[in-house]
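This report concerns only the one structure given below.
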Amino acid sequence: MTVTPATAEGSRPSGSRNLFPFVLLLPGLAMFLAVVVYPLASALVSGFFAQSLVEPGRRFVGLQNYADVLSDQFLPVFEHTVVFAGATTLASFVIGLGLALALNGGIRGQGFLRGLFLFPWVVPSVVVSFLWLWIFNGDYGVLDALLLKLHLVHDRITWLGEPGTAMAAVVVAKTWASFPWMMVMLLAGLQTTPAELHEAAQVDGAGSIRRFFTVSWPHIRGIAGIVLLLELIWNLQHFDMIYVLTGGGPAGATTTFAVAVYQAAFQGFDLGHAGALGGLWMVILMALVVVYVRRSERSA
């Protein structure tokens, strides 16, 4: 009996067809395991050992590294991280929402302004960091020169060298780089609001503020929650701008979890301490990720 191609194809085991998608996933899965899972697991395991970058071998110490971190460094670093992430997220959201409302209102030149406001977002973060390092410089910075010229201050201020101003300077720099993303996402949500609802509310005598809270905000509330959570998660992980501007100083005033882990591992050469600090940091991030996933599922 002659077997036709159709018959041969139909007689192929269904298991091989079911396995084919997994075969296609293998290269990406292998890369994910090698680049993400293995380094993460290795870092978490190192938190239970006394391990140094400059000395061979390691010694199991159980939870001693975690106890040391919790009793010494955790609370100040946690406080600085929350202040930085919270202030930057809130400031970026307020500025982004205000600009989104302005651009959605049909102002002249909105296309040009939209592209202009996106500029801080497309510039690499390290370039932005050096730009603000020049602006805040206490010897030749643009900000001090402007304030002196306007007679608002009588002497130069070392913005990045004082604990009271360093965190504010870092927050300003990160906000400038973050608000365009907030603006784009919120503007997209505002543009999906039916114009008929605004017209009906206006006919009923509602002003701009009332129309925002009764018409616009209900339509962008879900998007606003998602972008706030995402921005907060990203800011909790942020490293490069803080490190370039202050290096975590002065006197640890801008040391966040990202900076503290880097300092412990590559300046203190203590992988166990860095692993314990990173493990505690990951628990906080995972809690926010769970909130984000659940909110995304409700919004879908």
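FYI, the numbering just counts along the sequence from 1. What's counted below: heavy atoms across the whole structure, side chains too, no hydrogens, waters or symmetry copies.
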List the atom of [X], the atom of [Y], and the distance in Å for their closest heavy-atom pair.
X      : Y      : value
Ala169 : Phe136 : O-CE1, 3.5 Å
His238 : Ser125 : CE1-OG, 4.0 Å
Pro180 : Phe117 : CG-O, 3.1 Å
His219 : Pro194 : NE2-CD, 3.6 Å
Thr192 : Gly189 : OG1-O, 2.6 Å

With distance as the sole criterion, is a donor-acceptor pair present between the side chains of Ser92 and Glu231 under 3.5 Å?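 Looking only at side-chain atoms, Glu231 and Ser92 do not form any donor-acceptor pair under 3.5 Å.
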
Heavy-atom donor-acceptor pair, [X] side chain to [Y] backbone, under 3.5 Å:
X      : Y      : result
His80  : Gly252 : yes
Thr256 : Thr81  : no
Thr193 : Leu190 : yes
Ser42  : Pro39  : no
Trp159 : Gly141 : no

Let me have the donor-acceptor pairs involving side chains of residues 259-267, under 3.5 Å, with sequence neighbours excluded, atom names and distances please.
from, atom 1, to, atom 2, distance (Å)
Gln263, NE2, Gly247, O, 3.0
Gln267, NE2, Tyr243, OH, 3.1

With side chains defined as the heavy atoms from C-beta onward, is the minimum distance between Thr158 and Asp139 less than 4.5 Å?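 The answer is no; the side chains never approach within 4.5 Å.
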
Straight-line distance of Arg210 CZ to Ser216 OG, nearest 0.5 Å: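 The OG atom of Ser216 is 13.5 Å from CZ of Arg210, to the nearest 0.5 Å.
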
To the nearest 0.5 Å, how far apart are CG in Leu146 and CG in Leu152?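 Interatomic distance, Leu146 CG to Leu152 CG, rounded to 0.5 Å: 7.5 Å.
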
Can you confirm whether or not the ring centre of Trp181 sits under 6.0 Å from the ring centre of Trp234?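 For Trp181 and Trp234, the ring centres are under 6.0 Å apart.
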
Side chain to side chain donor-acceptor pair (under 3.5 Å) with Thr89: which residues, sequence neighbours excluded?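 Thr89 satisfies side chain to side chain donor-acceptor pair (under 3.5 Å) with Asn235 only.
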
Describe, in one word, how the ring planes of [X] and [Y] are oriented to each other, choosing from parallel (under 30°), tilted (30 to 60°) and perpendicular (over 60°).
X      : Y      : value
Phe60  : Phe49  : perpendicular
Trp217 : Phe212 : tilted
Phe48  : Tyr66  : tilted

